[in-house]
Chemist: 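Structure incoming, see below.
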Protein chains: 2
Amino acid sequence: MNIGNAAEKSGLSAKTIRYYEDIGLLQADRAGNGYRDYSMSDVHRLRFLQRSRSLGFSVEECRQLLSLYSDKDRESASVKAIAKAKLTEIDRKLAELTELRDTLRVLVRSCHGDKRPDCPIIEGLGGKDRVAA
Amino acid sequence: MNIGNAAEKSGLSAKTIRYYEDIGLLQADRAGNGYRDYSMSDVHRLRFLQRSRSLGFSVEECRQLLSLYSDKDRESASVKAIAKAKLTEIDRKLAELTELRDTLRVLVRSCHGDKRPDCPIIEGLGGKDRVAA
DNA sequence: CATAAAGGTTCTAGCTAGGGGAAGGTCAAG
DNA sequence: CTTGACCTTCCCCTAGCTAGAACCTTTATG
């Protein structure tokens, strides 16, 4: 099947699929006319990539996961290790983002937001001390 | 003061300060030897940028905030609008990331993680249906 | 049969927000 | 005088694509 078809079935754009081929994630066969030719198994792998990316795995992590996906002798422990590391990373990002939000929320709440120029947000961003979270 | 000094005082790297000048965020005076020369007021603005960035504002948002920072006739409502929009954006990211984490957490918990090849994580990433969060 | 639209191909360039490092000028100390 | 720390500009690199140009192939229609 052509790339457009594979794109539709996998949920990736054709551009993205070509990019993945470019960086060596997945190589496609070529038909006589030079068009890329995808099998159902290729589509499964593309879908796998789409899901992995949407779950926050980096392309390099996807490369590892894809190789484990294709390896019928894999140890599930290897997969779990990657997923756990990603989970830890996401938890860290969540904590960071939560702190950010709390700080920003305090600033926003403390600003009256009218035509006067005095503004606790500006002061908080410019002041000497970190605004209390 | 030289850029290294301004960098230290503002918490930004010299590279970053030059980059900000490059994109027109903040222009510095030049000393006779061609070195950039920063005043304390420049340092305050750099600090302002550092804090704004660290709170998640994009460089373009920082540009607006900095112009409001310098504008003594600003309306605090303008500042609050930008901050509120950013807050909404952060909340959205938080929700997204939380959903991601929950999905990933379910997958990780369901995987025994040993030497056997069968792996619910791989199945979850490759399967036809979205894994339940 | 001609042609136009809808695909496909390769290539380059751009996005964010800087980091790394080269090649070279300048300044203070020993 | 030289060394080392600092400064300058310059260009390339990162992630993960997206957009567009220039061109080729297939398919549908008059």
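In what follows, every chain begins at residue 1, and chains take the letters A, B, ... in the order their sequences are listed.
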Chemist: In whole angstroms, how far is the P atom of dA17(C) from the CZ atom of F57(B)?
Modeler: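 Rounding to the nearest Å, CZ of F57(B) and P of dA17(C) are 13 Å apart.
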
Chemist: Both E21(B) and V59(A) contact DNA chain D. Taking the nearest nucleotide for each, which residue is further toward the 5' end?
Modeler: E21(B)

Chemist: In whole angstrom, give the distance that lies between atom CZ of R53(B) and atom P of dG18(C).
Modeler: 4 Å

Chemist: Would you call R36(B) and I17(B) a side-chain contact if the rule is heavy atoms closer than 4.5 Å?
Modeler: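 The answer is no, as the side chains (C-beta and beyond) never meet within the 4.5 Å cut-off.
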
Chemist: Between the side chains of S39(A) and D42(A), is a donor N or O closer than 3.5 angstrom to an acceptor N or O?
Modeler: yes

Chemist: Does a side-chain N or O from Y20(A) land closer than 4.0 Å to OP1 or OP2 of dC17(D), or not?
Modeler: yes

Chemist: Of the nucleotides dG21(C), dT8(D), dG16(D), which has the atom closest to the K15(B) side chain?
Modeler: dG21(C)

Chemist: To the side chain of S13(B), which of dG8(C), dG25(C), dG19(C) is closest?
Modeler: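 The closest nucleotide is dG19(C).
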
Chemist: So, OP1 or OP2 of dT26(D): does either fall under 4.0 Å of a side-chain N or O from N33(A)?
Modeler: yes

Chemist: Would you mind reading off the distance between L46(B) atom CG and dG18(C) atom P, rounded to a whole angstrom?
Modeler: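 About 12 Å, once rounded to whole Å.
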
Chemist: Report the distance from atom CD1 of I17(B) to atom P of dG19(C), rounded to the nearest whole Å.
Modeler: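 Atom CD1 in I17(B) sits about 11 Å away from atom P in dG19(C).
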
Chemist: What's the closest nucleotide to the side chain of Y35(A) if the choices are dT9(D), dG8(C), dC17(D)?
Modeler: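 So the side chain of Y35(A) is nearest to dG8(C).
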
Chemist: Whether R36(B) contacts dT8(D) is assessed here as follows: a side-chain N or O lying under 4.0 Å from the phosphate OP1 or OP2. Is that the case?
Modeler: yes

Chemist: If I take atom CG in residue L26(B) and atom C1' in nucleotide dG18(C), what distance separates them, rounded to the nearest angstrom?
Modeler: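 Nearest whole value for this atom pair: 16 Å.
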
Chemist: Is it true that K86(A) and E89(A) have a side-chain N and a carboxylate O under 4.0 angstrom from each other?
Modeler: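 Between E89(A) and K86(A) there is a salt bridge, with a charged N closer than 4.0 Å to a carboxylate O.
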
Chemist: Please determine, for the side chain of I3(A), which listed nucleotide (dC7(D), dT9(C), dA17(C)) has the closest atom?
Modeler: dT9(C)

Chemist: Between D29(A) (CG) and dT9(C) (C1'), how many Å, whole number?
Modeler: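 Answer to the nearest Å: 17 Å.
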
Chemist: Identify whether any heavy atom of R18(B) sits under 4.0 Å from a base atom; if not, whether one sits that close to sugar-phosphate; answer base, sugar-phosphate or nothing.
Modeler: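 Since a base atom lies under 4.0 Å of R18(B), the category is base.
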
Chemist: Regarding R18(B) and E21(B), does a basic nitrogen lie under 4.0 Å from an acidic carboxylate oxygen?
Modeler: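 Answer for the salt bridge query: no.
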
Chemist: Could you check how far CG of L25(A) sits from C1' of dG16(D), rounded to whole Å?
Modeler: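 The distance from CG of L25(A) to C1' of dG16(D) comes to 11 Å, rounded to the nearest Å.
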
Chemist: Please state whether the phosphate of dA17(C), meaning OP1 or OP2, lies under 4.0 angstrom from any side-chain nitrogen or oxygen of T16(B).
Modeler: no

Chemist: So what does I23(B) hit on the nucleic acid, given a heavy-atom distance under 4.0 Å: a base, only sugar-phosphate, or nothing?
Modeler: nothing

Chemist: Ignoring hydrogens and angles, are the base of dG19(C) and the side chain of Y19(B) linked by a donor-acceptor pair under 3.5 Å?
Modeler: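 Side chain to base: no pair present.
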
Chemist: Ion pair present between E96(A) and K93(A), side-chain N to carboxylate O less than 4.0 angstrom?
Modeler: no

